[in-house]
Amino acid sequence: MINTPKQYTVTAALPYVNGSKHIGHLAGAYLPADVYVRLKRLQGKDVVFICGSDEHGTPITIQAIKENCTPQQVIDKYHNLVKESFASLGISFDIYHRTSAPIHHETAQEFFTDFYNKGLFDEKVTRQYYDEEAGLFLADRYIKGTCPNCGHDSAYGDQCEKCGKSLDPTDLINPVSTVSGNKPVLKETKHWYLPLQKYEPWLRKWLLEDHAKDWKANVYGQSKSWIDGGLQPRAMTRDGEWGIKVPLPDAEGKVLYVWFDAPIGYISATKQWALDNNKAWEPYWKEADTKLIHFVGKDNIVFHCIIFPIMLHCHGDYILPDNVPANEFLNLEGDKMSTSRKWSVEMHQYLEDFPDKPDALRYCLLSNLPENKDSEFTWKDFQTKNNSELVAILGNFINRVLVLTHKFYAGKVPDKKPCDELQQFLIEQKNKIDEAIDNYRFREGLAEMMNVARHGNKLLTEKEPWKTFKTDPESAAVVLYDCIQIIANLSVMCEPFIPFSAVKIQHMLGVQTPFNWADVGRADLIPGNHQLGSPTLLFEKIEDEIIDIEIQKLYANKLEIVASEAVVVPSVAPQKAEITFDDFEKMDIRVGTILTAEKVEKADKLLKLSVDLGFETRAIVSGIAAHFKPEDIIGQQVSVLANLAPRKIRGVESKGMILLAEDETGKLHFVKTKEITGNGSIIR
RNA sequence: GGCGAGGUAGCUCAGUUGGUUAGAGCGCAGCACUCAUAAUGCUGAGGUCGGGAGUUCGAGCCUCCCCCUCGCUACCA
C-alpha cells in the first residue's frame, strides 16, 4: 500500500451501455468512488477520476437488432442517458469517456501490438458456430437449441437454464441463431490467447502475498479462489465487426475481446482528459508513487484483480492497482436487483421521481453500502433515512441555528471567541472521517459526519439560547457563534457525501469562497458580524403516499413479468425431427418399480435408484433429486428406457433411464400406467 | 459436492491482532424541552453473537462438525 502518493488515479467500472443502470451499480462502485475522490480533491490532492461507457461486444450488436437501429445509435442513446444520470447524481468524474473514441482504439491496439511483438500470445484455431445470414460468429449466449440433457427446447449455447447443465454450443440439438433465427454452421476461426497461467507465480506474489493485509476479504478471497482453481489461457480476440479491429494483417473480421479493451479504456480516457486539460497522462499510470484504485462491483473482481493486472504486468511500463475495494450487491426489497426482471430502481427513473433529491439517495445508499456483505435497499428505509436523519438531525440543526440567529441578531454572527473544546471535537471528527475514507469505510465516514450534527443539536438543547437570550445574553451569543462554526465545518465535511447540500449550506451561510479540508477543524471559520444568508429548508420530508407509489410500481412490474412469463412458459416444445418406426422399435421401454432410492454422494441433483424390471433389478442414476425425496418414490411404478447404453455417472454405473413428463412449471412427473402392471411389461 | 463470502438487538448494520457488564443508527417506551420541517436531548427495555463440541485462565473473534443464505463451480442420458 502506498502511504504518501503523489497523485491518485481513481477508476470506476465502465458501465456496459446496452441499457440503463440501476442504484445497485451506484452503490457498488460509483458512489464510494465519488466520495473518495471528492475528499481527496478537498484535501488538494492531485487526483483524476476516470470513467466512461464500455461500448463494444456482441450484446450491443444484438440490442441494435432488437431496437431496429445501428449499434452506434444504441451506444449513443445509453451513453448519454447513463452519463446524464451520473451527472445529476453528482458523480464527479473528471472525464466520462467512451470506448468508441478513436484515441481508445489506438491505445487498445497499441497494447495488443505490444503483446504480439513480444510473442506473448498463443494462436489457436477452433470451430465455432457462424450465422451466414447475419454474417457473424455467434457468442455462446446467442445460440439456442434443444438441450441434449433434458430436452428443453431453448437452452443457451453456454448453459441450459432448465436443467442448469453447462454446455458447449456444439452440444445443442437443432442449434438456432437467436440473431437471425437460422441454423448456424460450424466454421474454423483463429484467435489469440493470453496464457494467464504463465503469470501465476507472479500473481501469487503480488496479490496473495503483498496484498494479503490491505485488500478486502471478499476481494482477496475471490481472487485466491480463482488462482487456486487454475488459470486458463483466455482468448483476447473475438470474431465480429463491432469492436476494435485486431491490428494484424491476417485478422480480417476479428476484434479485440471487450474485456481486453475495456480496462484499457481507463488509460485512454486519462489520455483524453490530459489532452483536454493540457496535462501529461503518463504520471497517472506509470509513476510508482501514483496510487491506482479501481472501484468495481463484486462481479468485476476477477477482471480487475487478475486479468487486467496481468495485462499491465505484461506491458511492463504500467503501475498496478494499489487496491480494488469491490463492494458486494445491493438487494431491493428482499430480492436481487435486476433490470431485465424489472426488479430495480434505475438511476434515471429515480431522478424522474425525485428530481430535486439526489442527496437523499446518496445518503441512503452510502449509509448502507454493501461494503462487507450484500445489503438491502427498501423504499421504507429510504424514507426513514431521509425523514429521521437528513431532515430531523442535519437539516433541522442547521435550520434551528439559522432561525435563531436571524431572530435574535438579524442574521449577524455574534462576535465571540472560538471555543477550544469545540475545536478539539471538530478535529477529532475530521480525523475519523479521514481515516474511515482512506480505508474505504464509507458508511463509517458518513456516520461520523452526522455525529457532528448530533453534537450541535445536543449543544443547543443543553444551552437553550432561546431562554438565555433574555436571562444570559452572553451565553446565547456564544452558543450560536459555536453552532454557526459547526455548520461551517459541516458544510465541508458533508461535501464528499452530499455535495448538493454542501453548496446549499455554504450559500445559506453567505460564504463567498468555498472552504476546503484544511479549514475543517477550525472553530472560527465564520467571523463575528458576518451577515448570514437567508435560511431555506435543506431537505424536505417524504410522505408515505410518495413511498407507497414507488413500492406499488415495483410490485406492478413484478406482476407484469410474472404474467408475461406465465404466457411464455406453456408454449409447447416444437416437434423433433422425424424418425422411422424402426427407430422407435429400437427403444425397449419397460414398466418397473423403484425398490430403493438414495442420494448420490457429492451431487446435488442425482438419485441412485434400484428398479425391478421383472427380469432383473438394476441401478439407474437419475437427475431428479431436486424434485423427489428418496423415501417418497420407493414403491413407485415407472417407465424405464431399458436398453439405453450404460453410463457411469459420478462413479455409479447407470443402466437405463427413467421417463418423466415435465409440466409448464418445470415440475417432473413419472410416466406410468394407470393400473399397476407387471414389472417388465413392454410399453409400445 | 467443491471453493469464496456471510449468518450479531424488532429492522439495517459495526465489532480491528481472542481480554473486564457485546456496540451504532433507526424503531419502541418513559422523561425533559419548545428555537426548529411534532423536529431535538436524556434515560431505558431488547441479544444463550446460526447450532454443537474443543483449545484457552478467558472466544462473537481460533480449531473441528452440522444447519441456513448469497456468488462461482461440478453432477443431470
Side-chain angles (χ1 to χ4, degrees), chain A residues 147-151 160 162-166 213 216-226 228-229 298-299 301-302 328-329 331 336 364 367-378 380-381 384-385 387-393 395-408 439 441 443-444 446-448 450-451 453-454 456-469 476 479-480 483 535-541 599-607 620-627 641 644-652 654-658 660:
Chain A
C147 175
N149 176 45
C150 70
C160 172
K162 205 84 174 184
C163 67
K165 180 163 177 84
S166 42
K213 285 276 164 63
K216 291 169 67 165
N218 56 341
V219 176
Y220 185 87
Q222 259 210 47
S223 301
K224 185 171 189 303
S225 176
W226 263 79
D228 288 346
K298 73 170 160 186
D299 50 331
I301 289 174
V302 61
E328 300 283 306
F329 287 155
N331 291 324
K336 259 177 275 188
C364 179
S367 68
N368 202 17
L369 287 180
E371 287 176 352
N372 301 319
K373 52 186 167 193
D374 290 357
S375 68
E376 183 86 15
F377 176 93
T378 66
K380 266 289 167 204
D381 189 50
T384 305
K385 289 255 159 67
N387 293 357
S388 352
E389 297 185 33
L390 283 180
V391 174
I393 295 170
N396 188 227
F397 167 62
I398 292 167
N399 192 238
R400 297 169 84 179
V401 174
L402 295 187
V403 166
L404 284 170
T405 310
H406 274 91
K407 192 180 273 185
F408 297 154
N439 290 291
R441 298 195 304 258
R443 286 189 312 214
E444 185 183 322
L446 182 74
E448 293 301 346
M450 287 301 280
N451 281 340
R454 287 196 175 88
N457 275 320
K458 187 170 177 166
L459 208 60
L460 275 185
T461 306
E462 281 172 358
K463 300 287 184 186
E464 304 183 303
W466 51 91
K467 273 187 186 168
T468 58
F469 180 65
V479 69
L480 283 175
C483 283
T536 52
L537 293 183
L538 245 198
F539 307 101
E540 58 181 20
K541 287 195 142 196
K599 280 214 67 176
V600 174
E601 288 282 307
K602 301 182 180 183
D604 289 350
K605 298 180 183 171
L606 303 180
L607 288 186
I620 295 175
V621 176
S622 185
I624 55 173
H627 297 83
L641 179 58
L644 186 67
R647 181 177 164 125
K648 226 173 185 181
I649 302 165
R650 281 271 140 184
V652 184
S654 177
K655 296 163 81 174
M657 187 167 111
I658 307 290
L660 295 145

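Every chain is numbered from 1 and lettered A, B, ... according to where its sequence line falls, protein lines coming before strand lines.
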- Item | Between B/rG25 and B/rU40 - C1' atom distance, rounded Å | 16 Å

- Message: Just to verify, what does A/E328 make a salt bridge (charged side-chain N to carboxylate O under 4.0 Å, His left out) with, not counting sequence neighbours?
- Response: A/K298

- Task: Write down the distance separating the P atoms in B/rC68 and B/rG51, rounded off to the nearest Å.
- Result: 15 Å

- The reported gap from CG in A/L480 to CH2 in A/W466 (rounded to nearest 0.5 angstrom) is 9.5 Å

- Assert: residue with more 5' nearest nucleotide on RNA chain B, out of A/G656 and A/A447, is A/A447

- Task: May I ask you to say what A/K541 touches in the nucleic acid, namely base, sugar-phosphate or nothing, with a heavy-atom cut-off under 4.0 Å?
- Result: base

- salt bridge (charged side-chain N to carboxylate O under 4.0 Å, His left out) partners for A/E540, two or more places apart: A/K357

- Which residues within residues 219-226 of chain A lie with some heavy atom under 4.0 Å of an atom in RNA chain B? A/G221, A/Q222, A/S225

- Message: Expressed as a whole number of angstroms, how long is the span from A/D299:CG to B/rC72:P?
- Response: 10 Å

- Query: When the distance from CG of A/N451 to C1' of B/rA14 is rounded to whole Å, what number comes out?
  - Reply: 13 Å

- Hunt down the Watson-Crick or G-U wobble partner of B/rG18, both distances under 3.5 Å, from any strand shown, or write none. none

- Query: A/F408: what forms a ring pair (Phe, Tyr, Trp, His ring centres under 6.0 Å) with it, not counting sequence neighbours?
  - Reply: A/F469

- Note on the structure: Rounded to whole Å, CG of A/N387 lies from P of B/rU40 at a distance of 11 Å

- Output the distance between atom CE (A/M450) and atom OG (A/S367), rounded to the nearest 0.5 Å. 9.5 Å

- Message: Categorize A/T378 for me: base, sugar-phosphate, or nothing, with a 4.0 angstrom heavy-atom threshold over every strand shown.
- Response: nothing

- dist A/T536:OG1 -> A/I398:CD1 (nearest 0.5 Å) comes out at 10.0 Å

- Would you check if the side chain of A/D374 reaches a backbone N or O of A/F329 as a donor-acceptor pair within less than 3.5 Å? yes

- Separation of A/K298 atom NZ from B/rA5 atom P, in whole Å? 12 Å

- Integer angstrom distance from the P of B/rU16 to that of B/rG23: 14 Å

- Item | A/D299: side-chain hydrogen bond (donor to acceptor under 3.5 Å, both in side chains) partners, not counting sequence neighbours | none

- Query: Looking only at atom C1', what distance separates B/rU17 and B/rG47, rounded to whole Å?
  - Reply: 26 Å

- Would one find a side-chain N or O of A/R443 under 4.0 angstrom from OP1 or OP2 of B/rA14? yes

- Item | Check: A/N368 side chain, A/S375 main-chain N or O, donor-acceptor pair, under 3.5 Å | no

- Query: With sequence neighbours excluded, what pairs up with A/D381 under the side-chain hydrogen bond (donor to acceptor under 3.5 Å, both in side chains) test?
  - Reply: A/K385

- Distance, nearest 0.5 Å, that separates CG of A/N396 from CG of A/L390: 12.0 Å

- Item | Nearest-Å distance once atom C1' is located in both B/rG30 and B/rG46 | 15 Å

- Sorted by chain and residue number, the side-chain hydrogen bond (donor to acceptor under 3.5 Å, both in side chains) partners of A/E464 (sequence neighbours excluded) come out as A/K467

- Message: With rounding to the closest Å, how many angstrom separate the C1' atoms on B/rC3 and B/rA74?
- Response: 11 Å

- Distance between P atoms of B/rA59 and B/rG54 (Å, rounded): 12 Å

- Query: Whole Å only: how far is the CD1 atom of A/I393 from the P atom of B/rG41?
  - Reply: 6 Å

- A/F377 meets the ring pair (Phe, Tyr, Trp, His ring centres under 6.0 Å) criterion, sequence neighbours left out, with A/W379

- Counting Watson-Crick and G-U wobble pairs only, both distances under 3.5 Å, name the nucleotide matched with B/rG6, or none. B/rC68

- Task: Check the distance between B/rC13's P and A/E389's CD and give it to me in whole angstrom.
- Result: 14 Å

- Message: Only pairs with both distances under 3.5 Å count, Watson-Crick or wobble alike; so what is the partner of B/rC31 in this structure?
- Response: B/rG41

- Query: Can you give one letter per nucleotide of nucleotides 7-12 of chain B, 5' to 3': B if a protein heavy atom sits under 4.0 Å from the base, S if only from the sugar-phosphate, - if neither?
  - Reply: S----S

- Query: In Watson-Crick or G-U wobble terms, both distances under 3.5 Å, what is the partner of B/rU12?
  - Reply: B/rA24

- Using whole Å, report how far CZ of A/R441 lies from C1' of B/rG15. 11 Å

- Task: Please give the nucleotide sitting opposite B/rC49 as a Watson-Crick or G-U wobble pair, both distances under 3.5 Å, or none.
- Result: none

- Note on the structure: The Watson-Crick or G-U wobble partner of B/rG1, with both key distances under 3.5 Å, is B/rU73

- Item | Backbone N/O of A/R443 and side chain of A/E371: donor-acceptor pair under 3.5 Å | yes

- With A/K380 via salt bridge (charged side-chain N to carboxylate O under 4.0 Å, His left out) - residues at least two apart: A/D544

- Message: Please give the distance between the C1' atoms of B/rU34 and B/rA45 as a whole number of Å.
- Response: 27 Å

- Message: Taking any heavy-atom pair under 4.0 Å as a contact, classify A/I620: base, sugar-phosphate, or nothing.
- Response: nothing

Polar atoms only, N or O, under 3.5 Å: list the protein pairs with nucleotides 60-66 of chain B and their distances.
none

- To the nearest angstrom, the CG-P distance between A/N372 and B/rG23 comes to 20 Å

- Considering only side-chain heavy atoms of A/V391, which listed nucleotide, B/rG6, B/rU37, B/rA77, is closest? B/rU37

Restricting to nitrogen or oxygen on both sides, can you table the protein-nucleotides 32-36 of chain B pairs closer than 3.5 Å?
residue, atom, partner, partner atom, Å
B/rC35, O3', A/K407, NZ, 3.4
B/rC35, O2, A/R400, NE, 3.3
B/rC35, N3, A/R400, NE, 3.1
B/rC35, N3, A/R400, NH2, 2.7
B/rC35, N4, A/R400, NH2, 2.8
B/rA36, O3', A/N399, OD1, 3.3
B/rA36, O2', A/N396, ND2, 2.6
B/rA36, O2', A/N399, OD1, 3.2
B/rA36, N3, A/N396, OD1, 3.2
B/rA36, N3, A/R400, NE, 3.0

- Item | Value rounded to 0.5 Å, distance of CG in A/L404 from CG in A/N399 | 9.0 Å

